[in-house]
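So the structure is just underneath, and the comments pick up after that.
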Number of protein chains: 6
Amino acid sequence: MTQLTTDQHERYARGLRALAAIDGDAGHKVIDSLAEIAPDFARYVIEFPFGDIYSRPGLDLRAREIATIAALTAMGNATPQLKVHIEAGLNVGLSRAEIIEIIMQMAVYAGFPAALNGLFAARDVFAARTASGQAPAA
Amino acid sequence: MTQLTTDQHERYARGLRALAAIDGDAGHKVIDSLAEIAPDFARYVIEFPFGDIYSRPGLDLRAREIATIAALTAMGNATPQLKVHIEAGLNVGLSRAEIIEIIMQMAVYAGFPAALNGLFAARDVFAARTASGQAPAA
Amino acid sequence: MTQLTTDQHERYARGLRALAAIDGDAGHKVIDSLAEIAPDFARYVIEFPFGDIYSRPGLDLRAREIATIAALTAMGNATPQLKVHIEAGLNVGLSRAEIIEIIMQMAVYAGFPAALNGLFAARDVFAARTASGQAPAA
Amino acid sequence: MTQLTTDQHERYARGLRALAAIDGDAGHKVIDSLAEIAPDFARYVIEFPFGDIYSRPGLDLRAREIATIAALTAMGNATPQLKVHIEAGLNVGLSRAEIIEIIMQMAVYAGFPAALNGLFAARDVFAARTASGQAPAA
Amino acid sequence: MTQLTTDQHERYARGLRALAAIDGDAGHKVIDSLAEIAPDFARYVIEFPFGDIYSRPGLDLRAREIATIAALTAMGNATPQLKVHIEAGLNVGLSRAEIIEIIMQMAVYAGFPAALNGLFAARDVFAARTASGQAPAA
Amino acid sequence: MTQLTTDQHERYARGLRALAAIDGDAGHKVIDSLAEIAPDFARYVIEFPFGDIYSRPGLDLRAREIATIAALTAMGNATPQLKVHIEAGLNVGLSRAEIIEIIMQMAVYAGFPAALNGLFAARDVFAARTASGQAPAA
């Protein structure tokens, strides 16, 4: 069993660092949007997904974002979060072309509509980044 | 538009090679199991997922299996295929520990039951490989 | 076996009463929106969910709305109906804070995106009620 | 609005006739299995799906079973009910080959694992019917 | 095993013909929308769903659209594609009333919210066709 | 923002107490089953769902189990976890009859197959408890 010496403050701080590294501004917007309705949930988002899971050393962030983009495309019912993670994928080193590959592959596992809707989400994210002057990664 | 010079025979042969590289014996068992009930579907499985998608150069097989293991864990309704792809992940270079990381991460996106059932599928695959004398990759 | 002495008119009338008690105006809007395209389906909505299920004595309406809000949040593909039932939950005595608790809990079973999207649906419903002069219940 | 002159007894009787026509023995087994734990639910199954929906004149039973086999294959989480409706499809005039076509098509909309698991369900149903002396319909 | 004499060009051409017969303009819009972001995926959409599946002789297009409308309604997370196939259903001979029957039936298998959201999608498609001067089929 | 004075040890201990109160032996079995394959995930199960969510004061355990039983029945792809929470529901004061009501209600939101499979899960749990000498709660 892992030792439980890390205290809650460290976990929260670690989560904040991971959130900034992965999601950039988009992550902070989600946290802020929760401040009024469910501030404790904002804390959980920082602590468990980012402080616990994304901070684990066994898999790099590039691999973790491949997994997340694939899962959210396949589930097909969380477009806002898929867009945040397409951004995150670009932030941690995936190219636009690689993200398109991941999403296309989901046609095999979740059907063509899930892949199509994932591709349209990617198109929107890419267009917004190009419009805001962020050069395409691929 | 991509040139369409590859003929159907080449696509089928390319799919068979990809299937062998990725799924090993497990893939052939699935194809054989379809021979009596839906032989055309066996051909489609070889042609589209393997001949078209997994044969594309833009993403290596390790990244593709990360995506597939993540998606099948998150969807939670295709345990036999998840097991085949946990095998496939090991075949293309993922370690046992990395596969566990991918599946654990799905708790964030699809809930703890999906991750738990994915972990139990991995435990079964790992145990069968250890029993058959295949050393753990991690 | 329950006696089948209730005739169809009574079932329909009972369903209308349950619909009014639970969904208020929102329920009637759904029924009206079906009048042109599928009037029989409007009748089924009144008869089976409301005349049969919600009218059963074995569970109070507060408990029934906890179940429905949880399920619709977890399924994640029926936002309009989730909003109607967040309203309904408030109508039958759940506080805003209790509804937030139910939705946050769904992060455990259906993942953080499902819970986030549920929280945003609740935020919209609460804001609309506050704007229309209905005091927050919590 | 449809006239509500049919009383509950007629609706239940109509549902029982539809259930017998569509599901044969399999339907009665489901109803019997509910008798101890949820007898009212057994009544609802007869009344709403069979007494209301399958008894409607606007679509023949062959078309209705195409719809149900497609949906249950695509959803992928209700194998026992899919098997009952593969039987039902055969009972109302679909051939084995047509059922295979419907299930294969679901690879496009719900992915290859959903179609594969549907095909394996069909294989089991067909084998059981052949074993019990019911000649294949195609 | 089916003979593999058809070459890729024939398969693509056959897919284009099926796409035009089934989806009319809506299909071409989807293909065009992919041209910039994922042109290979546009080709796959034409080849596998339309060139392979919808071109198979074992089930007529009317039956295939019943299956697709049912599945997309039940899955509930692909509204744009559901609308395209409600159009397609009308194109291949389903009446408006038959499409309503198929969607209503999904309440039994996927719940009332899925059926309601499917009915609202149908209402939108029917209204747009009536507005553009296409007479209702039923 | 909630103060972050609780350290990780307290959170883990609080989670263990909640797990024991809610799931009894079934919870410990799940934790033990993870010890070999993913011990960190066992810790996360204790910390986040039980230490964080179920330990929150805003909703009693009876209401929380209503939500969980509803969600797992509706999702339909996590039968082992549904059974654990049917047990949990009985442990925290729900009667057998109330659990049946919750599951039946899911026919409205997730379809009859989801409700049927939930009822069969409940039947199995109730039978096992009766067989082991635990008197029915209702």
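Lettering follows sequence order; numbering is per chain, from 1.
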Self-check item: Under the side chain to side chain donor-acceptor pair (under 3.5 Å) test, residues paired with E:R56 that sit two or more places apart
Solution: B:D40, B:Y44, D:E101

Quiz item: chain E contacts: which residues in residues 28-36 of chain C have a non-hydrogen atom closer than 4.5 Å to it?
Solution: C:V30, C:S33, C:L34

Quiz item: Among residues 48-55 of chain C, which ones touch chain E with a heavy-atom distance under 4.5 Å?
Solution: C:F48, C:P49

Quiz item: Rounded to the nearest 0.5 Å, what separation is found between the CG atom of C:N77 and the OG1 atom of E:T79?
Solution: 9.0 Å

Exercise. Looking only at non-hydrogen atoms, find the nearest pair between C:A38 and E:I100 and report the distance.
Key: CB-CG2, 4.0 Å

Exercise. Residue by residue, scan residues 106-120 of chain C and write down, ordered by number, those that have a heavy-atom distance under 4.5 Å to chain E; if none do, write 'none'.
Key: none

Quiz prompt | Heavy-atom contact with chain E under 4.5 Å, split by part of C:L82 | solution = neither

